[in-house]
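First up is the structure itself, then whatever we jot down about it.
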Amino acid sequence: MDTSRQIEEVRERLERARRPVALTGAGISAESGVPTFRGKDGLWRNYRAEELATPEAFRKDPELVWEFYEWRRGLLSKVKPNRGHYALAELEKKKEEFAIITQNVDGLHSLAGSRNVVELHGNIWVVRCAVCGKEKEDRTVPMEEIPPRCSCGGLLRPGVVWFGEMLPVDALNKTYELLENTDLMLVIGTSGVVQPAASFATMVKQRGAFVVEINLERTPVSSFMDVVINGRAGDILPQIV
Ligand code: OAD
């Protein structure tokens with residue numbers, strides 16, 4: 001089937017869907033200029049995740065970890081949502097029940113106007129005290145001191161989920177509630193290798209939902225999909241919505 005017929009089919013399905021959801025990953029922000037994690041220019045090609053994005057790394061060298069997050073925060077402070085983010089925000093206006101489950105920590109869905117957003121991996125603009133646990137939004141770029149400190153004296157850490165950590169309970173509960181009820185899922189710009197998000201599409205498909213993948217390339221989950229559209233999220237999503 002050619003891409004325009006696939007887009008037409010997804011458009012019709014989406015129109016009929018009662019509780020559609022989107023699962024998004026780094027690929028949806030790529031066209032805003034945010035680097036992805038895997039692939040040709042992916043962050044984990046040039047940086048070692050275990051030295052920068054684990055609780056052990058933070059205990060060993062909080063300054064190094066913060067330098068990495070400072071660099072990403074600096075980059076993110078300059079980027080804007082793209083046509084893909086805006087198309088999903090538009091979809092929420094048409095379908096009240098529509099929700100986004102994102103693995104991204106960049107906050108771009110909210111900036112585009114989406115309100116039903118579950119941030120499964122946290123948010124880079126949140127800082128949390130590693131000692132007292134207090135959490136707050138902090139958009140300061142650059143930070144006054146690296147690593148920054150909480151008023152209790154403890155070290156502050158980025159409010160994101162690192163490898164080996166539990167996902168935030170509230171976000172996970174909300175996610176499972178959405179997955180139980182959805183009848184159509186759009187899987188957008190995620191490589192489908194990081195759990196648990198990587199198994200969401202197969203879970204909902206087994207329950208009878210229609211699953212659609214939008215990605216530049218095929219992924220390990222492509223073969224489970226009802227429709228696979230290979231292309232840029234910023235080109236495809238506006239046509240679907
Ligand atoms: P990845 O970097 O693993 O994958 C990005 C995906 O987006 C790839 O499959 C690309 O083919 C696709 N892609 C790139 N540009 C695109 C575009 N313009 N339109 C559509 N697709 C495009 O990112 P994630 O799957 O989000 O976790 O990675 C999952 C998690 O691994 C991240 O949340 C992060 C990372 O390590 C943590 O840090 C805990």
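Counting from 1, the numbers follow the sequence of the chain as shown. Counting starts at 1 for both ligands and their atoms, following the listed order.
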- Item | Cluster overlap Ile188 with Leu91, hydrophobic side-chain contacts below 4.5 Å |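 Linked within one cluster.
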
With nothing but distance in play, are any N or O atoms of [X] less than 3.5 Å from an N or O of ligand 1?
X	answer
Ala233	yes
Gly25	no
Val194	no
Gln103	yes
Gly189	yes

Within a reach of under 6.0 Å around [atom1] of [X], are more than 12 heavy atoms found that belong to other residues, nucleotides or ligands?
X	atom1	answer
Gln195	CD	yes
Phe224	CZ	no
Arg207	CZ	yes
Glu15	CD	no

Within reach of ligand 1, part of [X] (heavy-atom separation under 4.0 Å):
X	result
Trp162	neither
Arg38	both
Leu216	both
His121	side chain

Between Arg115 and Glu92, is a salt bridge (charged side-chain N to carboxylate O under 4.0 Å, His left out) present by the stated rule, with each step listed?
-> CA-CA 8 Å; Arg115 281 170 305 164; Glu92 190 184 288; 3.4 Å; yes

Taking the non-hydrogen atoms of Gly231, is any one of them nearer than 4.0 angstrom to ligand 1?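 So Gly231 counts as touching ligand 1.
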
Report task. Give the C-alpha distance, both sets of side-chain angles, the deciding distance and a yes or no for side-chain contact (heavy atoms from CB on, under 4.5 Å) between His85 and Ser29. Result -> CA-CA 8 Å; His85 297 108; Ser29 296; 3.2 Å; yes

Looking at [atom], what's its closest protein heavy atom, distance included?
atom	value
atom 38 (O) of ligand 1	Val161 O, 4.0 Å
atom 18 (N) of ligand 1	Glu31 OE2, 2.6 Å
atom 36 (O) of ligand 1	Trp44 NE1, 2.8 Å
atom 25 (O) of ligand 1	Thr190 OG1, 2.7 Å
atom 26 (O) of ligand 1	Ala26 N, 2.8 Å
atom 34 (C) of ligand 1	Phe37 CE1, 3.6 Å
atom 17 (C) of ligand 1	Gly27 O, 3.4 Å
atom 12 (C) of ligand 1	Asn215 OD1, 3.3 Å

#### Entry: Ligand-residue contact atoms, ligand 1 with Glu217, heavy atoms, under 4.0 Å
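Counting atoms of ligand 1 from 1, those under 4.0 Å from Glu217 are 11 (O).
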
- What atoms of ligand 1 come closer than 4.0 angstrom to any heavy atom of Ala30?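 Within the 4.0 Å cut-off of Ala30, ligand 1 contributes 15 (N).
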
Item to complete: Have a look at Val227 and tell me which of Arg13, Arg5, Gln6 forms a side chain to side chain contact (heavy atoms under 4.5 Å, CB included) with it.
Response: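 Going through the options one by one, the only one that passes is Gln6.
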
Please name the residue in the list Leu186, Thr190, Leu88 that meets the side chain to side chain contact (heavy atoms under 4.5 Å, CB included) test with Thr24.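 Exactly one candidate clears the test, Leu88.
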
*asked:* Looking at Asp183 and Arg16, is any side-chain nitrogen of the basic one under 4.0 Å from a carboxylate oxygen of the acidic one?
replied: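 Here Arg16 does not pair with Asp183 in a salt bridge, since their nearest N and O are not under 4.0 Å apart.
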
* Asked: Should Lys95 and Glu97 count as an ion pair when the cut-off is N to O under 4.0 Å?
  ->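 Looking at Glu97 together with Lys95, the answer is no, because their closest N to O distance does not fall below 4.0 Å.
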
ask   = Are the side chain of Asn215 and the backbone of Asn230 linked by a donor-acceptor contact shorter than 3.5 Å?
value =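 Such a contact is absent between Asn215 side chain and Asn230 backbone.
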
